[in-house]
Amino acid sequence: MRVTTSFPLGTLRDTPSEAEIISHQLLLKAGYIRRVNSGIYAYMPIMLRVIEKISAIIERELNSIGCTKLLLPQLHPADLWKKSERWEGYTAGEGIMFNLKDRQGKEFGLGPTHEEVITSIASEIINSYKQLPQCFYQIQTKFRDEIRPRFGLMRSREFIMKDGYSFHYSGKDLASFYERMGDTYENIFKSCGLQTVGVEADSGAIGGAASKEFMITADAGEDSILFTQSGSYAANIEKAISIPSQPIPLKDSISGIIETPQQKTILEVCKNNNLDPSQVIKVVVFLAKFEGKSECPILACIRGDQHINEVKLYNLINKLHTPNLLKLQKIEDKNIIDKNLVNFPLGFLGPDLGNQTIKASSNWDKKWIRIIDHSASNLPKFISGANKVDLHKVYEEFSFSSTEYLIEDIRNAKKGDKIKIDHNEELEEKKGIEIGHIFQLGQKYSEKLNAKFSDKDGQLKNLWMGCYGIGVTRIAQAAIEQNHDQKGICWPIQISPFEIIIIPTNLKDPIQKDLTEQIYSNFLINKVEVLLDDRDDRAGVKFKDAELIGIPFQIIIGRDSVNKEVELICRKNNTKLKISADKLLETFISESEIMYNKNSQC
RNA sequence: CGGGGCGUGGCGCAGCUUGGUAGCGCGGGUGCUUUGGGAGCACUAGGUCGCAGGUUCGAAUCCUGUCGCCCCGACCA
């Protein structure tokens, strides 16, 4: 490709002010993407090459384990989503599915994910266990009406994703395929030249049993991951399970009511009364809103030095109740409290708060759902609110197991926690960018969409399903977050738009020009992905642009052309090799091979 | 949705307090010079100052409304 005639670069001198994180700034400045609207981007030619590189790697690896590529529609009829009971959750309120009506008033959604569509189609073509297992995938634009799009392609409203769906005759077959897919994902990311970590994950709105996320570690990441140094454990903080530190026992001498005027937080209570947070149980109130408008108030209790994990709490409540849980929110708003609760001493709540605090006129359920975390359930003696303003009290021999309390894990694991009692390894924390996620869906969708097959015994059974996503455009940006320097992008060669860029420093010099053309055509003939910067610009401009766009190798053709000598430069570590033009191709091939094999090290 | 910030040429910004011919740097075009690290000189094109009302002889500037974007949070794959 020639910059002047077929491949305009569109680099910018200044960084557009809208970009905050480095990878987003570089994508814009180096001319890879242009913003069209909030969370909507055009992929420029140079970006498309990166996308196609990543896609090709994904296709190669998935095909190697027998997956089949197809292309599904983006307009999804509402009926399908109503069958899976996701329509309301995905469109109402803060749902993320764009939706619209056709000229006849029929409702449609723009596909944010494709479980419904693929399941309904698979059920039509899969009749017998003999056709199983089967895995279909596509690489296509997804639409999500994110509440707040941000960081360029990291969280955009329109993005390219590889999504795959597998079908099985048993949970066991699904589980083994899921493991295989996990290995394939590792290969894909390694083939892209990326460092990733696989972590246990919450399965979120997609639902299902096991799920694993693949993260690129980077400070700009939106997720927190907890892991042990040895690699024996790694999980998203939403899912991570650990052992909390030991509580400090309360003194025997303390008992009865404690006056705590204006002390509404754990910290204030501890500071003023010489207590440790681990001696306190905090009571947090939530409201669960279910599909069909029913609402239940929740008392969630946890040791004072720990934090409630709202994802765990959400999943727990969703599991316990039949209508789908739409929303879980903390009750803090005074208007809501006044309307639904009476004698409600917020800030001084204890675990024995009575059901009579819920007003008869409220449309809430008239009974608190009571949940306590393991960290607090067996404290023999603890401090908590006395259910009266400005008072706390010492609870002794309060038994959660004999009351209406559910004892569950609703706690955020944290840095420094141990993962096993007899083990000294402590959890560490890092930020990560989620680029892949695999799920064992089980039979959730096949049940709802009536997707059945005949088993060996002739009985109709629900298909077992898995689903597997990779954020293609997100990988591209995350790769930059992981591979850049002060000058610009340093692509891993595996996903770089070109392998090499030729920079003639002065095209008016006929010797340089001839040598440039000769080298360029030689590279083309030998199928090297080469970009020729044939602009009539000063050398400095071309050097800067080449560094900015981040192609791993540069050939500088300059003064030494008279002697048929050029320079070969490695973008990443800036090594320069002065070399005869005759040996250029073979040197490049061996150098680039090293780079391909060594995961983008020169 | 709550809080904060910003809308002025392709990009980055000044001008607004105190109303009076719409500016600067970069980028674009033409010409000459220059040519290994974002060149110099000269000429040049390009803007309904987000939009709509209002105040005024006169509004980028003041007032009201509205739309959009960015950041933090809430929320969410």
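Heavy-atom basis, side chains included; hydrogens, waters and symmetry copies ignored. In this text the structure is predicted, and so the values were computed from the model without any measurement. A note on names: the letters A, B, ... follow the listed sequences, proteins ahead of strands, and every chain is numbered from 1.
- Residue contacts for A:Thr505: at a heavy-atom cut-off of 4.0 Å it reaches a base atom on one of the strands shown.
- Looking at heavy-atom distances under 4.0 Å, A:Lys327 makes no contact with the nucleic acid at all.
- Nucleotide B:C75 is matched to nothing when pairs are restricted to Watson-Crick or G-U wobble geometry with both distances under 3.5 angstrom.
- OP1 and OP2 of B:G38 both lie 4.0 Å or more from every side-chain N or O belonging to A:Arg538.
- Remark: the separation of the P atoms in B:G38 and B:G2 is 50 Å, to the nearest Å.
- Regarding contacts with the backbone of B:G68, every side-chain N or O of A:Asn37 stays at 4.0 angstrom or more from both OP1 and OP2.
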Where do N or O atoms of nucleotides 42-47 of chain B meet protein N or O atoms at under 3.5 Å, pair by pair?
none

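- Residue-level contact check: A:Gln329 touches neither bases nor backbone, having no heavy atom under 4.0 Å from any strand.
- Among A:Ile501, A:Ile500, A:Ile503, the one residue that satisfies the side chain to side chain contact (heavy atoms under 4.5 Å, CB included) test with A:Leu531 is A:Ile501.
- Residues satisfying the side chain to side chain contact (heavy atoms under 4.5 Å, CB included) test with A:Lys239, not counting sequence neighbours, are A:Glu200.
- In this structure, the side chain to side chain donor-acceptor pair (under 3.5 Å) partners of A:Thr4, at least two apart in sequence or on a different chain, are A:Asp534.
- For the P atoms, the distance from B:U61 to B:U8 is 14 Å, rounded to whole Å.
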Task: Contact letters for nucleotides 1-13 of chain B, in which S counts primed atoms plus P, OP1 and OP2 and B counts the base, heavy atoms under 4.0 Å - done: ----------BSS
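- Heavy atoms of A:Glu547 sit under 4.0 angstrom from at least one base atom.
- At the heavy-atom level, A:Glu238 lies nowhere under 4.0 Å from the strands shown.
- Contacts with RNA chain B (heavy atom under 4.0 Å) in residues 554-564 of chain A: A:Ile556, A:Gly558, A:Arg559, listed by number.
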Going by atom type alone, with no hydrogens or angles, which donor-acceptor pairs under 3.5 Å involve a side-chain atom of residues 558-569 of chain A and a protein atom two or more places apart or on another chain?
unit_1   : atom_1 : unit_2   : atom_2 : d
A:Asp560 : OD2    : A:Lys578 : NZ     : 3.1
A:Ser561 : OG     : A:Gly558 : O      : 2.6
A:Lys564 : NZ     : A:Gln518 : OE1    : 3.4

